[in-house]
J.: 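If you scroll down you'll find the structure; I have some questions about it.
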Amino acid sequence: MNWYALYVQAGQEDLVQKMIHKFFDKTVVHAFVPKRKLKQRKQGKTYEVCHTMFPGYVLVQTLMTVQTYYDLKRVPRFYRLLNQFDNCKAKATANQSINSLEDALEVYSFSKIDEEEIALILELAGTDDIIDYSTLYVENKKVIVCDGPLKGKEAIIRKIDKHKKRARISLEFMGSEKWLDVGIEMLDIVE
């Protein structure tokens, strides 16, 4: 089974996920809405908030067929299946033989998420589908993660905002680079 990205109404990702789990058995279609914890400051008070990692998208794991696609289209607030047009053109120009309607739809419509991309997203999100806080410190301009989902993944960290307690990370998603802010806890190193 492969992973696909559904484009849905922004702000309604959780509702679409619940509807998919209601209409489908989890062994046929598994829906996933990755989220991230952040600390947000409003009017002098700090709140812990949980934002969707990819607003407007629900990730589904399924064996995509024409029938599954049309069954998913019946889910309210589902707009379309996300495509990687560059990838589709490459397959079509590689003189790939298209023997059936399903082969044609696979080439032109059903763009699956790359295994490496989804593996990193699933690893970061963990079992509860939320990227939790990572504990880290900076030593000689080098970021060292002590604990949390970013441990061992220092290479994806692009920027640290100590004031807002956020780390900006870079992820590949559907062939393009996405930058996300995730929550962190900073350690003060005393020398």
J.: If you round to the nearest 0.5 Å, how far is CD1 of Ile130 from CG of Leu124?
T.: 13.5 Å
J.: Under a single-linkage definition using a 4.5 Å side-chain heavy-atom cutoff for Ile, Leu, Val, Met, Phe, Trp and Tyr, are Ile118 and Leu63 assigned to the same hydrophobic cluster?
T.: no
J.: Before accepting this row, confirm whether a basic side-chain N of the pair Lys37/Asp128 lies closer than 4.0 Å to the acidic partner's carboxylate O.
T.: no
J.: Please report the shortest heavy-atom distance between Pro76 and Val16, naming the atom on each side.
T.: O-CG2, 3.7 Å
J.: Using 0.5 Å steps for rounding, measure from the OG1 atom of Thr65 to the CG atom of Asp71.
T.: 7.5 Å
J.: Could you tell me the separation between the CG atom of Leu6 and the CZ atom of Arg77, rounded to the nearest 0.5 Å?
T.: 15.0 Å
J.: With side chains defined as the heavy atoms from C-beta onward, is the minimum distance between Val58 and Asp14 less than 4.5 Å?
T.: no
J.: Could you pull out the closest heavy-atom pair between Ile131 and Pro149, with the gap in Å?
T.: CG2-CG, 3.9 Å
J.: Roughly how far, to the nearest 0.5 Å, is the CD1 atom of Ile113 from the CG atom of Leu122?
T.: 9.0 Å
J.: Taking CD in Glu115 as the centre, count heavy atoms belonging to other residues, nucleotides or ligands within less than 6.0 Å. Is the count above 12?
T.: no
J.: Apply side-chain contact (heavy atoms from CB on, under 4.5 Å) to the pair Met64 and Lys112, showing each step before the final yes or no.
T.: CA-CA 9 Å; Met64 188 63 74; Lys112 61 185 176 182; over 6 Å; no
J.: Taking NZ, NE, NH1 and NH2 as the nitrogens, is one of them in Lys178 or Glu172 under 4.0 Å from a carboxylate oxygen of the other?
T.: no
J.: May I ask you to decide if Ile144's main-chain N or O and Glu154's side chain share a donor-acceptor pair within less than 3.5 Å?
T.: no
J.: Looking at every non-hydrogen atom in both residues, tell me the closest pair between Val60 and Ile20 and how far apart they are.
T.: CG1-CD1, 4.0 Å
J.: Counting only N and O atoms by type, is there a donor-acceptor contact under 3.5 Å from the side chain of Gln61 to the main-chain atoms of Val29?
T.: no
J.: Check step by step if side-chain contact (heavy atoms from CB on, under 4.5 Å) holds for Val75 and Val8.
T.: CA-CA 10 Å; Val75 174; Val8 301; over 6 Å; no
J.: Compute both the distance and the angle, then confirm whether Lys142 meets the cation-pi test with Tyr137: under 6.0 Å from the six-membered ring centre, within 45 degrees of the axis.
T.: no
J.: Checking ring-ring contact (aromatic ring centres under 6.0 Å, His included) against Phe173, which of Phe54, Trp3, Trp179 comes through?
T.: Phe54
J.: If you measure from CD1 on Ile156 to CG on Leu180, what distance do you get to the nearest 0.5 Å?
T.: 9.0 Å
J.: Decide yes or no for Thr135 and Leu187: does some side-chain heavy atom of the first lie under 4.5 Å from some side-chain heavy atom of the second?
T.: yes
J.: Could you state whether Met1 and Leu59 fall into the same hydrophobic cluster, counting links through intermediate Ile, Leu, Val, Met, Phe, Trp or Tyr residues with side-chain heavy atoms under 4.5 angstrom apart?
T.: no
J.: Show the numbers, then the answer: is there a side-chain contact (heavy atoms from CB on, under 4.5 Å) between Glu123 and Ile121?
T.: CA-CA 5 Å; Glu123 194 176 334; Ile121 293 168; over 6 Å; no
J.: Checking the side chain of Lys151 only, and the main-chain atoms of Cys146 only, is there a donor and an acceptor separated by less than 3.5 Å?
T.: yes
J.: When you measure from the side chain of Gln40 to the backbone N and O of Tyr47, does any donor-acceptor pair fall under 3.5 Å?
T.: no
J.: Are Tyr133 and Glu48 close enough that some pair of their side-chain heavy atoms sits under 4.5 Å apart?
T.: yes
J.: Between Glu13 and Gly11 (side chain of the first, backbone of the second, donor and acceptor by atom type, cut-off under 3.5 Å), is there such a pair?
T.: yes
J.: Sub-3.5 Å donor-acceptor pair from the side chain of Arg166 to the main-chain atoms of His163, do we have one?
T.: no
J.: Do the side chains of Leu38 and Ile160 join up, straight or via other hydrophobic residues, at under 4.5 Å, putting them in one cluster?
T.: no
J.: Under the 3.5 angstrom rule, does the side chain of Lys73 hit a backbone N or O of Thr68 as a donor-acceptor pair?
T.: no
J.: If you count every heavy atom of other residues, nucleotides or ligands that lies below 6.0 Å from Lys164 atom NZ, does the total exceed 12?
T.: no
J.: What do the steps show when you test Leu136 against Met186 for side-chain contact (heavy atoms from CB on, under 4.5 Å), and what is the final call?
T.: CA-CA 5 Å; Leu136 56 88; Met186 292 294 297; 3.3 Å; yes
J.: Has the side chain of Thr62 got a donor or acceptor atom that lies under 3.5 Å from a matching backbone atom of Val28?
T.: yes
J.: So how far is it from Leu72 CG to Leu81 CG, rounded to the nearest 0.5 Å?
T.: 8.0 Å
J.: Kindly give the heavy-atom pair with the smallest separation between Met53 and Pro55, and that separation in Å.
T.: O-CD, 3.5 Å
J.: Of the non-hydrogen atoms in Val33 and Gln17, which two are nearest, and what is the gap between them?
T.: CG2-OE1, 3.6 Å
J.: Counting heavy atoms not belonging to Phe78, are there more than 12 under 6.0 Å from its CZ?
T.: yes
J.: Do Ser134 side-chain atoms and Leu150 backbone N/O form a donor-acceptor pair below 3.5 Å?
T.: yes
J.: Would you call Lys39 and Glu185 a salt bridge, using N to O less than 4.0 angstrom?
T.: yes
J.: I'd like to know if Arg168 and Asp181 make a salt bridge, using a cut-off of under 4.0 Å between side-chain N and carboxylate O.
T.: yes
J.: Please indicate whether Lys159 has more than 12 foreign heavy atoms, meaning atoms of other residues, nucleotides or ligands, lying under 6.0 Å from its NZ.
T.: no
